Amino acid sequence: MHHQFKSPEGPIEVTVARDGDAWRLGDIEATPMTDGRLRMVGPDGSVNFAHMAKVGDVWWVHHQGHTFRFERIEPGATDADDGGGLTAPMPGKVLQVLVEVGQSVAAGTTLMVLEAMKMEHRIVAASDGIVTAVHFNADDQVEQGVALLSLEDS
Amino acid sequence: MHHQFKSPEGPIEVTVARDGDAWRLGDIEATPMTDGRLRMVGPDGSVNFAHMAKVGDVWWVHHQGHTFRFERIEPGATDADDGGGLTAPMPGKVLQVLVEVGQSVAAGTTLMVLEAMKMEHRIVAASDGIVTAVHFNADDQVEQGVALLSLEDS
Amino acid sequence: MVSKVLVANRGEIACRILRACHEAGLATVAIYAQNDADSMFIELADEAVLLTGDTIGETYLDQQQILSIANRTGADAIHPGFGFLSERADFARAVTQAKIQWVGPSPEAIEKMGDKMTARITMRAAGVPVIPGEEIEHEDETDALEAIESASHRVGYPMLLKASSGGGGKGMRAVHSPDQLMEAAMGARREAIAAFGDGRVYVERLLTGSKHVEIQVLADRHGRTIHLGERECSVQRRHQKVFEEAPCATMTPELREAMGQAAVAAAEAVDYEGAGTVEFLLAPSGEFFFLEMNTRIQVEHPVTELVTGVDLVREQLRIAAGEPMSCGPLMMRGHAIEVRLYAEDAANNFLPAIGPLAIFRPPEGPGVRLDTGVREGDEVTPNYDPMLAKLIVWAPSRDEALQRMRRALDEFIVLGTTTNIRFLRELCDEAEVISGQTDTTTIDRLWPHGWSPSVPRSIEDAALMAAAVGESAGLHRTQQQASKGPEGPASPFSTLNRRFP
Amino acid sequence: MVSKVLVANRGEIACRILRACHEAGLATVAIYAQNDADSMFIELADEAVLLTGDTIGETYLDQQQILSIANRTGADAIHPGFGFLSERADFARAVTQAKIQWVGPSPEAIEKMGDKMTARITMRAAGVPVIPGEEIEHEDETDALEAIESASHRVGYPMLLKASSGGGGKGMRAVHSPDQLMEAAMGARREAIAAFGDGRVYVERLLTGSKHVEIQVLADRHGRTIHLGERECSVQRRHQKVFEEAPCATMTPELREAMGQAAVAAAEAVDYEGAGTVEFLLAPSGEFFFLEMNTRIQVEHPVTELVTGVDLVREQLRIAAGEPMSCGPLMMRGHAIEVRLYAEDAANNFLPAIGPLAIFRPPEGPGVRLDTGVREGDEVTPNYDPMLAKLIVWAPSRDEALQRMRRALDEFIVLGTTTNIRFLRELCDEAEVISGQTDTTTIDRLWPHGWSPSVPRSIEDAALMAAAVGESAGLHRTQQQASKGPEGPASPFSTLNRRFP
């Protein structure tokens with residue numbers, strides 16, 4: 001079966017082949033176990049296990065001491081594009097908005113200050129540009145991942 | 001709602017009353033939690049928790065350091081009667097059968113020897129009686145709870 | 001006498017204290033905010049009382065409400081844990097005035113140590129060395145900024161701005177050059193006001209290359225004040241400790257004795273009672289300087305417990321009950337390491353993360369201790385500190401303790417929320433950590449541009465395959481089916497009958 | 001040199017050894033029978049190899065198969081754990097001849113100690129006191145029964161019949177009067193033949209009121225043989241230990257030294273290497289008698305580890321690699337208690353139980369160690385020993401250790417299969433256990449007609465209510481949805497592509 005997952009570098013496509021109770025990808029054979037783990041046998045016969053949990057659209061996988069988070073791309077969905085938006089790195093409260101729409105800013109300028117879990121976090125311009133939108137005011141609550149401001153390269 | 005559970009002393013009938021998200025029995029209020037525990041508030045306001053799991057027809061409950069096993073009686077079911085049968089206390093293998101059908105035995109007589117987990121277990125007559133049936137031979141595998149022999153009081 | 005303890009805290013430290021009370025045969029009262037109604041610590045208490053209110057200020061920081069619960073439930077002692085009200089002298093005083101035993105030092109001792117300026121003055125008087133620096137007592141913004149600017153010339157760069165009433169890295173700013181000063185000063189004051197209601201800061205020289213070494217002390221009402229050796233907590237990110245150990249790898253018996261004596265002198269200078277920690281900066285020269293005294297139990301107390309064999313929370317309870325402490329002469333054995341597991345994205349500047357603990361499977365086996373307040377199925381929310389657990393190991397030697405920590409971290413599985421497990425695991429492989437040559441700048445120096453995990457491509461491929469197979473085979477780990485019950489009207493009738501034959 | 005260890009065992013002791021290897025940086029190979037394919041220990045190994053065969057004899061006891069797996073995987077050492085092949089001299093010899101390092105003593109030492117008669121003769125020669133008794137060397141049933149009858153007159157009642165090659169209570173019978181003798185003798189021989197393929201038994205005087213006290217020894221190839229103090233394991237049911245502690249509550253330093261010296265003499269008498277245990281009966285008079293030597297790691301080794309700070313399995317690995325043991329002089333601290341959690345019905349003569357571990361939630365927090373080979377979701381089957389876990393606590397004093405054990409048992413939740421948790425919990429409240437005046441008859445004396453739990457009616461009522469609410473509200477804890485995948489033919493095609501922008 002064919003699946004797509006998001007990654008920072010772009011989408012990853014995985015097609016796994018079923019072979020009785022087992023599944024194959026290249027030389028690796030994976031067999032689901034009754035407790036939801038996967039038993040994975042490598043080309044050298046080595047046995048390893050993957051622990052998995054699905055939360056929403058995200059598959060969490062623990063394998064050999066590493067933890068992975070793979071967001072599944074629904075078949076047919078197109079990639080979301082954040083259009084140069086600066087997004088909230090975590091849920092929290094807007095403490096200060098330091099720029100206005102139309103303002104030119106240099107790379108490194110602090111645009112907004114958020115507070116979460118009693119710590120301040122500064123939203124900084126990654127490149128020179130012009131502020132095209134400010135989506136929140138001071139004291140607004142923001143969800144993780146929402147666009148806070150839009151910046152257009154100047 | 002009304003439920004019946006088996007106990008060594010006879011059936012126990014429990015009727016719990018629903019009150020919104022909570023349930024009541026006498027002075028106790030119980031509220032199911034998202035993780036499957038029950039939050040139980042006593043008449044004095046004390047809060048305790050019950051952990052539960054259902055395996056087949058059996059409810060397992062852990063409450064205040066005690067573990068309970070309640071077998072549910074399906075509504076309308078009649079009590080099984082083992083008719084004086086002597087049942088296997090555990091899964092295992094019949095090692096020896098020491099009596100025959102028709103034999104009179106005194107209380108305390110060893111009737112059969114089972115083996116399980118490398119230990120021997122003796123099946124002993126609880127009262128004087130006559131053996132009316134022997135259901136297994138040496139080397140037979142037996143499931144937990146099956147009747148091994150029948151004994152009629154003499 | 002103490003017979004019933006109200007634990008004015010939540011999470012893992014509440015669990016720690018409730019278990020100690022249970023073991024000591026003391027009855028317990030937990031208090032909890034509505035958003036903690038499903039939390040583990042409530043299960044460990046004999047009684048649990050819901051706090052009214054929504055914010056932390058209206059719940060865990062509401063002194064009056066907590067006092068009235070103590071009165072109502074008949075609690076005769078209050079253990080504040082750490083954070084929250086643990087270093088609030090006014091609360092300690094109110095508790096004492098209500099004839100309830102405060103598990104901790106006197107309000108006066110908390111005051112003297114809680115205000116960094118007073119603490120420095122007290123320490124200087126007791127002959128304990130303090131870091132060169134200046135107190136900025138101005139409350140007014142403009143005056144304060146001016147005074148900070150002026151002090152900066154005398155203290156010199158690099159320097160550290162700290163909230164006078166601070167702790168946990170809040171209101172703290174390192175300043176490396178004059179052009180950063182004003183923004184840093186304003187930020188520090190703003191955070192200090194938000195977190196502590198007190199914008200006073202002080203400026204001190206940043207001693208680069210120093211170790212953070214702290215001494216655990218215990219003092220009872222029978223005239224005994226002792227130290228229990230040191231902990232090294234140099235490895236910090238965002239000014240918060242993440243890797244703590246006892247003993248310090250580079251400690252000598254002579255230096256331990258000198259620092260221990262200084263810590264005991266510090267405690268005696270404020271007539272200390274109970275468990276406390278005197279924090280020092282240990283410079284590469286071997287000189288040490290008083291940083292502050294934490295007048296409460298600390299997050300990292302387990303490493304001392306494992307190395308000395310002293311149960312610090314049990315001793316706190318004994319001392320509060322007026323008994324002498326039970327521990328004998330200091331007897332250190334082996335090596336202990338604690339790491340703090342946070343729900344945070346170590347690869348993204350350690351930003352806090354949230355999400356369900358869909359799988360939470362801690363390691364087991366010899367030499368592994370887990371102090372946590374969560375379990376599988378819990379939800380990590382932004383309401384509180386994102387620390388999930390403290391994983392502590394003990395082994396006969398430091399090398400073996402590090403080996404054990406690696407093993408334990410390899411076994412620890414948390415899925416559903418991002419954690420720093422892998423960061424901690426890779427930390428254990430750093431040469432500086434292996435040799436014990438860590439200082440407070442270790443993390444910043446090792447990863448100046450932030451940490452990111454090194455994942456072998458073959459392992460990532462296998463994990464991707466696992467996700468694909470999981471999706472293909474429908475291996476959804478289903479959560480508890482907590483249906484709200486059958487349809488139909490609520491029944492008014494409840495009975496329990498036993499039919500005996 | 002040792003670099004890759006094959007662990008010829010399963011369950012919790014396999015986990016214990018695999019973790020120690022992992023910490024020591026040694027590669028590992030697990031072997032497993034098909035019915036263990038989902039077991040936890042496999043997850044902890046670098047490689048896991050399936051054993052062909054169905055019975056224990058065809059799998060974990062199949063010497064040839066295990067040796068060929070060792071050769072195939074390049075393992076250069078075999079750790080046998082306890083039980084199974086751990087005390088089989090022929091296996092130790094075959095391993096050694098295959099140029100693989102045996103983690104344990106020489107085949108000769110195993111032989112001398114494994115046969116109870118030879119062991120007694122060897123011990124007498126080494127000046128170690130042995131229990132009055134007689135060896136019955138006859139293999140033939142009629143001759144053996146006759147010799148047992150004849151010996152019984154000289155040894156006297158009460159007496160104990162034991163399998164010469166025995167262990168773990170198998171083939172053991174207490175005989176209190178002559179009329180029980182023949183049935184007991186036949187039963188003991190039958191069990192001995194079934195379990196060990198050797199029907200020889202011996203008859204010894206049953207020393208009532210005695211404590212079972214055993215001394216841990218360690219010996220390396222560099223001429224050092226030491227003892228690590230004692231464990232008391234008097235509390236036994238069906239001749240199997242369930243409650244073990246270190247130190248023994250009634251021990252004196254003088255007696256420890258005398259018993260320790262006797263144990264070291266016993267080990268030296270057979271040129272012992274590695275970890276071993278010399279078991280003694282300690283009579284109320286203070287006299288002690290050699291029972292047997294276990295030439296392997298023991299189930300209850302963790303209590304010694306917690307009290308002495310020595311990692312016994314690490315030391316086994318060091319010694320097997322030819323290194324000197326790393327531990328210094330004996331330094332005992334505090335008190336440790338272990339209880340064995342069995343899947344068994346303590347209220348029904350401790351009969352083994354089976355079933356799923358629908359919930360398996362061990363306690364956490366300070367001073368608690370869990371050694372287990374199972375986790376939630378596993379199935380307890382009749383295939384192997386029904387021990388689920390060892391729960392071990394350490395605290396500064398014996399009183400505190402008992403308090404901690406009570407707390408830990410109160411927190412331990414196992415649902416889906418019957419366990420002895422409540423039995424162990426109530427055991428902790430018995431006056432004899434609290435005072436430490438236990439002996440090998442403690443359980444039989446406390447519960448001559450069998451144990452049954454004391455459950456307050458109010459708690460049972462609440463539990464009944466919980467079951468009724470659970471049923472009413474449909475709170476079924478659903479197991480993993482492991483559907484076998486979508487319909488349709490198997491696909492022959494697999495790829496992994498990364499699209500970079």
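Atom set for the values below is all heavy atoms of this structure, side chains included, hydrogens, waters and symmetry mates excluded. In the text below, chain A, chain B and the rest are named by the order of the sequence lines, each starting its count at 1. The structure presented is a predicted model; accordingly, all values stated were derived computationally and were not measured.
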Are D:R407 and C:L44 close enough, and set up right, to give a side-chain contact (heavy atoms from CB on, under 4.5 Å), and what steps lead you there? CA-CA 10 Å; D:R407 185 272 285 177; C:L44 297 175; over 6 Å; no
Atom group of [X] that falls short of 4.5 Å from chain C, counting heavy atoms:
| X | answer |
| --- | --- |
| D:M465 | neither |
| D:L306 | backbone |
| D:D410 | side chain |
| D:R333 | both |

Pick from D:P396, D:G365, D:G334, D:P366: which one has the most heavy-atom pairs with chain C under 4.5 Å?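 Most heavy-atom pairs under 4.5 Å with chain C: D:P366.
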Below 4.5 Å, heavy-atom pairs only: which of [options] has the largest tally toward chain D?
| options | value |
| --- | --- |
| C:E43, C:E12, C:E400 | C:E400 |
| C:K390, C:E305, C:R361, C:M405 | C:R361 |
| C:D399, C:L370, C:L402, C:D371 | C:L370 |

In plain terms, say whether D:E411 and C:R19 are close enough for a salt bridge, that is, a side-chain N and a carboxylate O under 4.0 Å apart.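 Yes.
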Using a strict threshold of under 4.0 Å (side-chain N to carboxylate O), is an ion pair present between D:R375 and C:E376?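 So C:E376 does not pair with D:R375 through a salt bridge.
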Any chance you could lay out the side-chain contact (heavy atoms from CB on, under 4.5 Å) test for C:T372 and D:E364, step after step, and finish with the verdict? CA-CA 8 Å; C:T372 185; D:E364 289 165 349; 3.1 Å; yes
Any side-chain heavy atom of D:Q403 within less than 4.5 Å of one from C:H22?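 Contact flag for D:Q403/C:H22 side chains = no.
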C:D311 side chain near D:R404 side chain, heavy-atom distance below 4.5 Å: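 The answer is yes, as the side chains (C-beta and beyond) meet within the 4.5 Å cut-off.
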Side chain to side chain donor-acceptor pair (under 3.5 Å) partners of D:R406, counting only residues at least two apart: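 In terms of side chain to side chain donor-acceptor pair (under 3.5 Å), with neighbours along the sequence ignored, D:R406 is linked to D:D429.
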